[in-house]
Amino acid sequence: MAQYTSASTALAVIRLRNPPVNALSLPVLQALEDGLKRADADPSVKAIMICGENGKFSAGADIQGFSLPKTRGISLGHFVSLIERCEKPVVAAIEGVALGGGLEVALGCHYRVAHVKARMGLPEVTIGLLPGGEGTQRLPRLIGVPAALDIITTGRHIPATEALKLGLVDEVVEENTIEAAIRLANKVIGQPLEPRRLSLRPVPKLPNMEAFLSEALVKLKKQARRYLAPELCFQAVRAATELPFADGVRKERELFNVLLTSGQAQALQYAFFAERAVQKWTTPHGSSWQNASPQPIHKAAVIGLGTMGRGIVTSLVKASIPVVALEQNLEYLNTGRKAVMLLLEREAMKMEQGAQTLDFHNPARLQFTVDFDALRDVDLVIEAVFENMPLKKEIFQKLSRICKPAAFLCTNTSALNIDEIASATSRPQQVVGTHFFSPAHIMRLLEIIYGHHTSPTAIATAVQLGKVLKKVGVVVGNCFGFAGNRMMFPYVEQAVFLLEEGSRPEAVDQVLEDFGFKIGPFRMSDLAGLDVAWRSRKGRGLAGDSVPPGTPARQRHGRRYSPLPDLLCENGRFGQKTGKGWYQYEKAGGRTAKPDPWLHNVLTQYRDTHHIKTRFIDQEEILERCLFSLINEGFDILAEGIASGPEHLDVIYIHGYGWPKHRGGPMFYASTVGLPRVLAKLQRYSEAHPDVPALRPSTFLKKLVAVGNPPLKEWMSYLSRPSNKL
Ligand SMILES: CC/C=C/CC(=O)SCCNC(=O)CCNC(=O)[C@H](O)C(C)(C)COP(=O)(O)OP(=O)(O)OC[C@H]1O[C@@H](n2cnc3c(N)ncnc32)[C@H](O)[C@@H]1OP(=O)(O)O
């Protein structure tokens with residue numbers, strides 16, 4: 001847990017030991033305390049070094065432990081103070097990571113030496129907490145309020161070189177950190193320790209401290225959207241500027257306890273482990289991350305340089321994978337090339353700020369072509385043309401003729417049938433869906449869709465590619481809309497039905513934005529472009545000329561249907577790009593949404609035409625109908641084996657659909673609301689709207705309620721025979 005050894009007669013070494021990341025569990029902390037006491041009591045020991053096993057200092061408190069009652073109330077600060085009070089110099093040798101409590105332990109030490117590749121930070125805010133080991137009080141004393149506030153409220157990891165500039169570490173070394181720390185420890189034996197004890201230092205003054213803090217708070221509040229931790233982190237740092245150390249620590253503890261019991265911390269910690277759980281993918285056929293090996297991707301190709309293709313090329317270049325970018329003709333190629341170069345220049349500028357470089361002018365790294373023959377030697381192709389099945393099939397047929405037999409063929413589609421696309425090739429086992437989210441070089445989600453014939457190797461390769469591209473890859477089965485969009489359809493459908501019944505886009509959006517979404521469903525549709533879904537509805541016979549004559553305006557296939565989105569498109573209102581959609585914008589391509597009297601009039605006329613009695617719809621109904629219909633679809637997806645667990649759906653929603661992370665994802669949210677309540681509400685709404693299948697409670701949800709509302713992690717065990725549709 002923490003190993004005590006001697007580097008020489010004069011130097012005691014305490015090595016934190018708790019694989020894989022030396023998390024500070026209770027036994028680790030107790031062993032650290034024992035080591036300190038032993039070193040203190042041994043007159044031959046003149047200095048102490050603290051390091052971590054296996055090249056990692058420590059990733060902080062054991063996050064699993066926060067939910068265990070026996071570890072609550074144990075103060076990390078007690079151990080950090082013990083280090084600081086030590087009468088012999090204590091040096092931290094930081095390799096790998098020193099995060100959260102790990103960095104707080106290092107801040108208790110009198111000196112810090114870091115390896116050049118080490119990363120440091122206080123990421124507690126990202127798991128709904130604040131640095132509760134006196135870090136909010138020591139860090140501002142060491143590096144000043146602006147830098148400390150930035151590190152504490154963003155949770156960002158900082159590289160050792162930046163840490164040195166900030167004064168967070170005393171020395172950065174390229175070679176052996178332990179030896180450098182030993183050298184430093186020997187050098188400082190006998191030097192006074194008072195100036196090295198951070199708790200005794202004043203917080204460096206700023207001429208405009210009050211103004212600085214007020215401005216920082218306004219900025220934080222604007223970004224926070226009911227996410228508590230950043231603001232409480234701020235309050236703790238402000239306490240450091242106003243109170244003596246001991247009072248500041250008391251305030252830190254008080255605020256920490258508020259966060260610990262807020263519910264948001266649980267949601268964010270759930271999300272932390274969910275992100276890691278989805279990496280361990282499985283399919284209902286028994287293939288999994290354990291029995292499939294990815295193939296290396298030395299060179300890739302992207303077909304189609306529209307919005308998605310441009311982002312995908314940018315991601316690949318950033319990940320140092322040589323890319324061939326292909327378009328159908330020179331005109332499109334030139335437009336695409338300009339757009340890609342612009343994106344890459346912006347990315348290069350961002351990377352330069354972090355002292356990194358991006359080489360994209362070398363044709364061996366990025367080649368633009370209209371010639372399919374240039375794809376002969378690539379290991380993987382990502383087709384990113386628009387959503388048109390015949391076009392995609394034509395491309396895949398060509399690819400299976402041209403590409404080498406081992407090449408993987410990926411399709412970037414948001415809804416289309418992977419099996420049908422794969423049927424156009426001679427190698428369906430190599431075909432896999434890779435659903436990127438726009439903008440593809442920024443959004444972290446990658447939905448990876450396996451078809452009936454997709455090989456485990458193809459899945460593993462797509463997952464590995466996702467990791468290399470720094471995405472969160474989630475493996476799902478093949479169905480219309482896969483997992484994410486399939487859940488999104490009923491959500492958007494409810495939003496539109498609510499308009500028919502009496503609400504307005506701005507009212508619906510407000511409720512969902514207050515819940516924590518970055519943008520509500522109507523602002524989102526305007527941003528994405530209403531024409532995309534319109535084209536898809538026309539293709540599926542729901543809108544346009546393909547609807548059989550005599551079909552009732554508000555019904556399709558015996559279900560309720562709203563032609564309102566079609567009406568907008570027929571009027572050329574495609575959203576932001578045309579300057580008009582559910583809202584009006586200052587110009588085509590404008591971003592500031594304003595309520596539109598035109599739309600309000602149309603809604604009134606529409607309700608009159610269809611004899612819909614307008615009623616007042618309260619916030620609770622808006623929230624529940626939108627969210628519970630989405631969650632209901634999630635239960636069906638789980639029951640069909642399309643996703644392997646609720647965590648997968650939650651990760652998809654957090655990283656692809658702007659679901660507020662501090663609410664843990666839709667399925668976690670359902671578990672906090674309580675499944676009996678979700679079921680009862682769905683039953684009520686379904687009775688009121690019997691022609692809306694999305695409100696009819698899922699059989700799986702009903703089963704979970706019938707067996708007593710088990711905790712989320714047990715849900716999947718109630719699916720006796722996971723039945724995959726494939
Ligand atoms: C009053 C007390 C207050 C204390 C404040 C704190 O210290 S709170 C904790 C703050 N620390 C963090 O938030 C760090 C979280 N960890 C990470 O960011 C990353 O794991 C990492 C350390 C940067 C390593 O990333 P990498 O991609 O290399 O590996 P994984 O993320 O996959 O992690 C490997 C396994 O380790 C588990 N794990 C990581 N950190 C912790 C932790 N702090 N507590 C418990 N477990 C942790 C992670 O879950 C992985 O486990 P698997 O079982 O292998 O999936």
Side-chain angles (χ1 to χ4, degrees), residues 295-351 357-388 391-404 406-414 416 421 425 430-443 446 448 461-462 464-466 468-471:
Q295 291 300 304
I297 303 301
H298 301 296
K299 188 172 179 184
V302 176
I303 301 180
L305 295 178
T307 313
M308 295 308 296
R310 294 167 192 177
I312 298 169
V313 171
T314 305
S315 283
L316 288 161
V317 173
K318 278 183 72 182
S320 302
I321 298 177
V323 197
V324 180
L326 184 137
E327 251 301 352
Q328 55 176 309
N329 61 40
L330 283 175
E331 187 195 338
Y332 285 7
L333 187 75
N334 286 333
T335 313
R337 183 206 317 255
K338 275 190 204 141
V340 168
M341 290 317 232
L342 200 69
L343 287 180
L344 284 168
E345 269 154 29
R346 281 194 208 138
E347 290 305 301
M349 256 155 50
K350 280 193 228 160
M351 286 169 72
T357 51
L358 182 63
D359 173 16
F360 57 95
H361 294 290
N362 179 349
R365 283 176 166 254
L366 175 57
Q367 176 193 349
F368 291 91
T369 185
V370 289
D371 182 3
F372 265 85
D373 266 352
L375 272 49
R376 285 193 186 281
D377 65 341
V378 300
D379 303 306
L380 178 140
V381 181
I382 302 173
E383 163 278 307
V385 303
F386 61 87
E387 294 284 67
N388 177 304
L391 175 63
K392 289 199 185 244
K393 284 171 86 169
E394 190 190 315
I395 291 172
F396 272 72
Q397 205 173 29
K398 219 170 186 175
L399 290 176
S400 75
R401 276 201 318 268
I402 291 170
C403 295
K404 61 186 183 189
F408 297 97
L409 309 180
C410 307
T411 173
N412 176 61
T413 168
S414 58
L416 297 182
I421 296 171
T425 75
Q430 304 282 93
V431 175
V432 61
T434 45
H435 179 198
F436 286 83
F437 288 70
S438 183
H441 59 298
I442 307 246
M443 293 291 284
L446 177 64
I448 296 163
T461 304
Q464 180 60 24
L465 177 71
V468 174
L469 300 184
K470 298 206 167 80
K471 308 258 173 235

- Query: Under the side chain to side chain contact (heavy atoms under 4.5 Å, CB included) criterion, do Ile395 and Val385 qualify, and how do the steps go?
  - Reply: CA-CA 9 Å; Ile395 291 172; Val385 303; 3.5 Å; yes

- Message: Under the rule for salt bridge (Lys or Arg N to Asp or Glu O under 4.0 Å), what residues qualify as partners of Asp371, not counting sequence neighbours?
- Response: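 Applying salt bridge (Lys or Arg N to Asp or Glu O under 4.0 Å) to Asp371 gives none.
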
Taking [X] for the side chain and [Y] for the main chain, is one N or O donor matched with an acceptor at less than 3.5 Å?
| X | Y | result |
| --- | --- | --- |
| Lys392 | Ala384 | no |
| Gln430 | Ala406 | yes |
| Asp379 | Lys299 | yes |
| Thr425 | Ile421 | no |

- Message: Regarding Thr413 and Glu387, do their side chains bring together a donor and an acceptor under 3.5 Å, going by distance alone?
- Response: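 Result is yes, a qualifying pair exists.
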
- Task: Examine the side chains of Gln295 and Thr461 and answer whether a donor and an acceptor come within less than 3.5 Å of each other.
- Result: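 There is no such pair (donor and acceptor under 3.5 Å, judged by atom type) between the side chains of Gln295 and Thr461.
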
- Task: Go through the steps to decide whether Thr411 and Thr434 satisfy the test side chain to side chain contact (heavy atoms under 4.5 Å, CB included), and finish with yes or no.
- Result: CA-CA 6 Å; Thr411 173; Thr434 45; 6.0 Å; no

- Sequence neighbours excluded, which residues qualify as ring-ring contact (aromatic ring centres under 6.0 Å, His included) partners of Phe437?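 Per chain and number, Phe437 pairs via ring-ring contact (aromatic ring centres under 6.0 Å, His included) with His435, Tyr657.
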
- Message: Other residues, nucleotides and ligands only: do more than 12 of their heavy atoms fall within 6.0 Å of CZ on Phe372?
- Response: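 Yes, because the 6.0 Å sphere around CZ of Phe372 holds more than 12 heavy atoms from other groups.
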
- Task: Could you walk me through whether Phe368 and Val324 pass the side chain to side chain contact (heavy atoms under 4.5 Å, CB included) test, one step at a time?
- Result: CA-CA 6 Å; Phe368 291 91; Val324 180; over 6 Å; no

Taking the side chain as every heavy atom from C-beta outward, state whether [X] and [Y] have any pair of such atoms under 4.5 Å apart.
| X | Y | result |
| --- | --- | --- |
| Phe408 | Val381 | no |
| Leu358 | Lys350 | no |
| Ile382 | Leu465 | yes |

Could you report the tightest heavy-atom contact between [X] and [Y], atom names first, then the distance?
| X | Y | value |
| --- | --- | --- |
| Ala440 | Lys471 | O-NZ, 2.6 Å |
| Leu469 | Ala319 | CD2-CB, 3.7 Å |
| Leu343 | Gly311 | CD1-N, 4.3 Å |

- Item | Value rounded to 0.5 Å, distance of CZ in Phe386 from CG in Leu391 |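 Output value for this atom pair is 6.0 Å.
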
- Message: Run Leu305 and Thr335 through side chain to side chain contact (heavy atoms under 4.5 Å, CB included) and show every step you take.
- Response: CA-CA 8 Å; Leu305 295 178; Thr335 313; over 6 Å; no

- Message: Check Asp377 with Lys404, please: is the shortest side-chain N to carboxylate O separation under 4.0 Å?
- Response: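 No, Lys404 and Asp377 are not salt-bridged.
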
- Query: Does the distance from a Lys or Arg side-chain N to an Asp or Glu carboxylate O, for Arg337 and Glu327, drop under 4.0 Å?
  - Reply: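 No, no charged N to carboxylate O under 4.0 Å.
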
